Amino acid sequence: MEFRQGELSTSTPPASAAGTADSRRARSVGTGHAHAKAIVLGEHAVVYGAPALALPVPQLSITASVGFSTRGEEPAGVSFTMTGSAWKEVGTQASEGLRRLTTDFRASTGIDDGRHLDVIIDGSIPLGRGLGSSAACARAVVLALADLCGREVSQRTVFDLVQTAENVVHGKASGVDAITVGASAPLLFHAGEARTLLVGCDALFVIADSGTVGSTKEAVDKLRERFRLHAGAQERFVRRASELTGEAVTTLAAGRPEELGFLLTEYHGMLREAGLSTDRIEGMVSAALAAGSLGAKITGGGLGGCVLALTQPEQAREVTRRLHEAGAVQTWIVPLRRLVTHV
C-alpha cells in the first residue's frame, strides 16, 4: 500500500512509525474515532484492480474507548462491549477481526505486558449497509489503542491493522474502506494509492438506508461465480467500471453533475445485471430518479444496504420524501463541498 503525501486527506495528520514513543504520556483510557463511507463508483471492480471513487460520511461515526482491565487478575486478552442502537449485535467474524487487530497492535508496538484490555465501542453507523461500519470500528480501535499507550502510528500502520480486521470479516478487502473511513474529502483509490479529488459543483448525495442487511462476502462470491460461468464477463465488467469511474473524476472536477448522475445510474445497471440488487433497492432507485435525482445507484456490496442519489440542492427534500415512501428507513444528506447534515 502506498500513500501519496499531500494527496490523501485524512482526519488525523501523518505520524511517526509505529512503536516510536512520542511526547505524549500514556493514558488511563484511550479514545479513537472514525466515520462512515460510501462508494460512489467502483464497488466490486476495485477488488479486480479497477479504480473506485469514495465519499467520507463524517456525520455517522464510531468512537472506541480502550483501557486496561480493573477486574482483578483477569488473564491477558481483550473484551469488547458494544453500545448504541446500531451496535448491539456484532457478528463473530467482526469480533474476531478486532481481536486479531488488537493482538497485532500489541505485538508491533512491543506493548504486550499481559494486562487485559477492555474495549467499549459506540457507533451510529448501521451495520451491514455498505457504509464501512467494520472498517470504521477497526480504525477507531487502532487509534484508541495508540492513544492509550501514548504512541503515534503511521498512516501505513493504521491501514495495515485495519486491513487485518477487514480481511477476517470480508475475505480479501480492497483497502478502499480502510482509507475512506479516515478521509475528510472525496477520494480516488486505485492500485494501492489514494488521492483527494477536485469538486467543481454544489450537488449533494442523498444516502438512503433500505433497512435490509447486505452481505459483502456473499455478493463478492456471487459475482465471482458469475464471472466463472460467463467467459469474458469479468474483463467486460472491470473495463466498463474503470471507464465510468475515470469519467466521473473528470465530470466531478469540471462541475458537470448531470453527467456524473448519468454515470451513477449506468453503474447501477451493471450491478443490477450482476444480480446484486433487490426489489426494494430497485424501488428506491426508481423513486429517486422520478423525484428529480440526477442519478441513483446501490452503494457498497449489494444484496441490501443503501441507495446513493446525486441530487441538486433544490430537489433534495422531494427526493428524500420519495425515498422514504419507497421504503427507506433513514436518510442522510452529504453535500459535496460542505459539511454533512442530517435530514
Side-chain angles (χ1 to χ4, degrees), residues 1 3 8 10-37 58 61-71 73-84 87 90-125 132-170 173 175 177-183:
M1 183 70 192
F3 297 93
L8 176 62
T10 63
S11 58
T12 55
S16 57
T20 301
D22 64 17
S23 59
R24 296 179 300 167
R25 296 173 57 189
R27 304 175 185 272
S28 57
V29 176
T31 59
H33 308 278
H35 54 67
K37 61 82 193 177
S61 63
I62 296 290
T63 298
S65 302
V66 182
F68 291 107
S69 177
T70 58
R71 296 190 297 273
E73 298 298 323
E74 193 162 3
V78 57
S79 299
F80 295 99
T81 301
M82 310 293 180
T83 64
W87 286 82
V90 174
T92 302
Q93 285 184 316
S95 297
E96 178 56 32
L98 294 175
R99 202 174 304 279
R100 187 91 55 84
L101 174 159
T102 304
T103 299
D104 287 358
F105 179 92
R106 298 181 80 159
S108 66
T109 58
I111 302 171
D112 195 6
D113 56 9
R115 286 185 288 177
H116 192 89
L117 288 170
D118 288 327
V119 180
I120 299 175
I121 299 170
D122 182 68
S124 61
I125 307 175
S133 58
S134 62
C137 184
R139 178 180 172 86
V141 170
V142 170
L143 297 180
L145 287 166
D147 188 42
L148 172 69
C149 301
R151 301 294 182 98
E152 287 188 348
V153 290
S154 67
Q155 289 183 10
R156 174 56 187 265
T157 298
V158 173
F159 173 83
D160 287 344
L161 288 167
V162 173
Q163 281 294 88
T164 294
E166 285 290 274
N167 288 331
V168 171
V169 176
H170 300 302
D177 284 16
I179 287 183
T180 313
V181 295

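Heavy-atom basis, side chains included; hydrogens, waters and symmetry copies ignored. This is a predicted model, so every value here is computed, not measured.
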Quiz item: Can you find a pair of side-chain heavy atoms, one from Leu117 and one from Arg106, that are under 4.5 Å apart?
Solution: yes
Quiz item: In terms of side-chain geometry, is the basic nitrogen of Asp104 or Arg100 positioned less than 4.0 Å from the acidic oxygen of its partner?
Solution: no
Quiz prompt | Interatomic distance, Phe80 atom CZ to Cys137 atom SG [nearest 0.5 angstrom] | solution = 7.5 Å
Practice problem: Let me see the working for Leu145 and Leu101 under side-chain contact (heavy atoms from CB on, under 4.5 Å), right down to the final yes or no. | Solution: CA-CA 10 Å; Leu145 287 166; Leu101 174 159; 4.1 Å; yes
Self-check item: Closest approach of Ser133 to Ile125 (non-hydrogen atoms, all atoms of both residues)
Solution: CB-CG2, 3.8 Å
Quiz prompt | Nearest non-hydrogen partners of Gly97 and Ala165, listed with the distance | solution = O-CB, 3.5 Å
Quiz prompt | Partner residues of Thr81 under the side-chain contact (heavy atoms from CB on, under 4.5 Å) criterion, sequence neighbours left out | solution = Thr83, Ile120
Self-check item: Option passing side chain to side chain contact (heavy atoms under 4.5 Å, CB included) with Leu98 (candidates Thr164, Val142, Ile121, Val119)
Solution: Ile121
Self-check item: Side-chain donor/acceptor of Asn167 to backbone N/O of Ala173, under 3.5 Å
Solution: yes
Quiz item: Does a donor on one side chain and an acceptor on the other come within less than 3.5 Å for His35 and Ser61?
Solution: no
Self-check item: side-chain contact (heavy atoms from CB on, under 4.5 Å) involving Ala178 - partner list, sequence neighbours excluded
Solution: Phe159, Val162, Gln163
Quiz prompt | Flag for Ser79-His116: side-chain donor and acceptor within less than 3.5 Å | solution = yes
Quiz item: Do the side chain of Glu166 and the main chain of Ala135 share a donor and acceptor less than 3.5 angstrom apart?
Solution: yes
Quiz prompt | Nearest heavy atoms of His33 and Arg139, plus distance in Å | solution = O-NE, 4.3 Å
Practice problem: Check for a donor-acceptor pair, side chain of Ser154 on one end and backbone N or O of Thr157 on the other, with a separation under 3.5 Å. | Solution: yes
Self-check item: Distance (rounded to the nearest 0.5 Å) between Thr31 OG1 and Asp147 CG
Solution: 4.5 Å
Quiz prompt | Set of residues satisfying side-chain contact (heavy atoms from CB on, under 4.5 Å) with respect to Ala144, sequence neighbours excluded | solution = Ala64, Val66
Self-check item: Expected output: side-chain Ser108 to main-chain Phe105 donor-acceptor under 3.5 Å
Solution: yes
Practice problem: May I ask you to test the Asp122-Ile62 pair for a side-chain heavy-atom distance under 4.5 Å? | Solution: no
